Protein chains: 2
Amino acid sequence: MEDASLVGTRERILKAAELLFASRGYAGTRLHEIAHGVGVQKASLFHHFASKEDLYRAVLDEGHHHSRVTLEKALDGADTPLEKIRALTEAYVDMVVAHPERTKILLRESFGDVPPGASRHETQQILGMVVDFVEDQRRQTGNAEVDVRALLVGVIGMVAFFFTSAPVLVPAWFADPLDADNVARVKRLATKVVEDGLAASLKIPATTTPTKVAAR
Amino acid sequence: MEDASLVGTRERILKAAELLFASRGYAGTRLHEIAHGVGVQKASLFHHFASKEDLYRAVLDEGHHHSRVTLEKALDGADTPLEKIRALTEAYVDMVVAHPERTKILLRESFGDVPPGASRHETQQILGMVVDFVEDQRRQTGNAEVDVRALLVGVIGMVAFFFTSAPVLVPAWFADPLDADNVARVKRLATKVVEDGLAASLKIPATTTPTKVAAR
DNA sequence: GTCTATATAGGGATAGAC
DNA sequence: GTCTATCCCTATATAGAC
């Protein structure tokens with residue numbers, strides 16, 4: 001972590017923009033709010049970014065890049081297929097927890113909440129990467145009965161929604177949704193869903209003893 | 001289903017507004033688009049609703065009301081606790097499938113995408129109703145190890161994301177996401193997650209034979 | 001109850017001094 | 001590279017005829 005005063009204005013704008021785009025959406029965010037968040041005048045933003053749309057795309061690109069790197073690293077860092085899948089799942093949860101705003105923006109992307117010009121290309125590539133890997137494994141075992149895509153989409157929805165939306169919807173339910181307990185809880189749930197879902201396909205032993213969610 | 005020409009203009013406005021608010025969000029939706037969807041002039045909207053915000057709230061209220069009625073009906077229509085929980089899960093999936101736009105709007109609500117005045121009161125009440133029921137059952141078995149709230153939030157995220165966001169994100173993956181096959185698939189996955197998650201608490205036998213997702 | 005015309009405000013973007 | 005001042009457009013909302 002570097003001293004905030006040492007990072008360039010461009011970076012501080014990106015950060016403030018990410019925060020606001022996440023909570024208000026593209027159309028709902030006002031440039032003067034972003035400027036205010038940075039502590040600068042609205043007009044100054046245009047020195048760093050050509051337009052609001054350009055700024056949004058920069059935020060989006062950063063998110064895509066980070067996601068891709070994180071997931072690739074998880075995939076490369078583990079050895080066996082089972083370990084890779086576990087690493088992938090945990091890395092995703094960790095990523096969401098570490099960057100809930102970014103996650104929210106990517107979720108918004110999946111709502112069609114994007115400026116006119118933007119495409120879903122990047123996200124599609126990243127999801128494709130994950131699915132390709134899992135399907136590769138699946139093909140080797142010859143099992144065709146699991147829909148990897150549906151499972152992936154379901155788990156993403158589960159994890160992302162839990163950490164980004166639940167706090168807004170029912171703030172009283174999870175005092176601090178990002179605390180270690182909750183993270184562990186969701187990680188366990190996600191891992192279980194993934195592994196049970198893929199058990200038959202990947203010859204993973206089903207983890208399901210009737211769910212005992214151990215206290216921390 | 002009534003003839004479209006027989007429903008009042010107010011209802012047709014609500015419907016067009018729901019569609020647009022769902023896909024573009026509150027801030028991203030223009031009143032003239034809604035008017036165009038109805039086939040009427042922009043100014044005419046103000047005869048039926050005092051303001052854009054008022055219209056949005058009406059759409060939201062309708063969604064809340066329908067959700068509450070649907071879930072209450074599912075709860076009342078089943079006998080044993082296990083059947084009630086299954087009915088609840090299936091009813092939720094069916095509701096999402098039948099009204100993806102409404103679902104998207106409620107998801108947006110959980111993003112904080114609401115006009116200044118709105119509150120999350122209604123949604124909180126509905127979620128509370130479900131949780132209260134499940135926790136009631138849980139208390140009778142004395143098991144304290146499952147976090148019903150986390151499970152509920154997770155499943156909602158999984159189901160809602162699958163049907164509303166996945167089609168936008170990766171349209172190529174699910175030719176028709178709302179078709180019977182996909183619905184069955186998700187229903188099975190959701191039911192499994194719920195029942196495995198609650199198995200220990202409700203003395204439900206764990207369903208987990210290593211997941212075999214039967215072809216239709 | 002719907003229309004045309006218009007008022008008004010606010011937001012994105014630019015000009016140009018410093 | 002940041003500021004102040006301003007342009008210009010669009011979106012909500014209103015007025016008032018039909």
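Scope of the values below: all heavy atoms of this structure, side chains included, with no hydrogens, waters or symmetry mates. If you're wondering where the values come from, they're calculated on a predicted model, not measured in any experiment. Labels below follow one simple rule: chain letters A, B, ... track the order of the sequence lines, proteins then strands, and each chain is numbered from 1.
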Exercise. Heavy atoms under 4.0 Å is the rule here; annotate nucleotides 3-18 of chain C 5' to 3' with B where the base is hit, S where only the sugar-phosphate is, and - elsewhere.
Key: BB------SBBB----
Exercise. Would you list the pairs meeting side chain to side chain donor-acceptor pair (under 3.5 Å) in which at least one residue belongs to residues 91-106 of chain B, sequence neighbours left out?
Key: B:His66-B:Arg102, B:Asp94-B:Lys187
Quiz item: Can you check the A:Arg12 CZ to D:dT2 C1' distance for me, whole Å?
Solution: 13 Å
Quiz item: Taking only residues two or more places apart in sequence, or in another chain, which ones meet B:Arg120 in a salt bridge (charged side-chain N to carboxylate O under 4.0 Å, His left out)?
Solution: none
Practice problem: Name all residues meeting the ring-ring contact (aromatic ring centres under 6.0 Å, His included) criterion together with A:Phe163; count only those two or more places apart in sequence or in a different chain, and write none if there are none. | Solution: none
Exercise. Answer yes or no: does a side-chain N or O of A:Thr9 lie under 4.0 Å from OP1 or OP2 of D:dG1?
Key: no
Practice problem: With sequence neighbours excluded, tell me which residues meet side-chain contact (heavy atoms from CB on, under 4.5 Å) with A:Ser110. | Solution: A:Leu107, B:Phe161, B:Ser165, B:Leu169
Quiz item: Who passes side-chain contact (heavy atoms from CB on, under 4.5 Å) against A:Arg30, sequence neighbours left out?
Solution: A:His32, A:Glu33
Quiz item: When the distance from CZ of B:Arg24 to C1' of D:dA11 is rounded to whole Å, what number comes out?
Solution: 15 Å
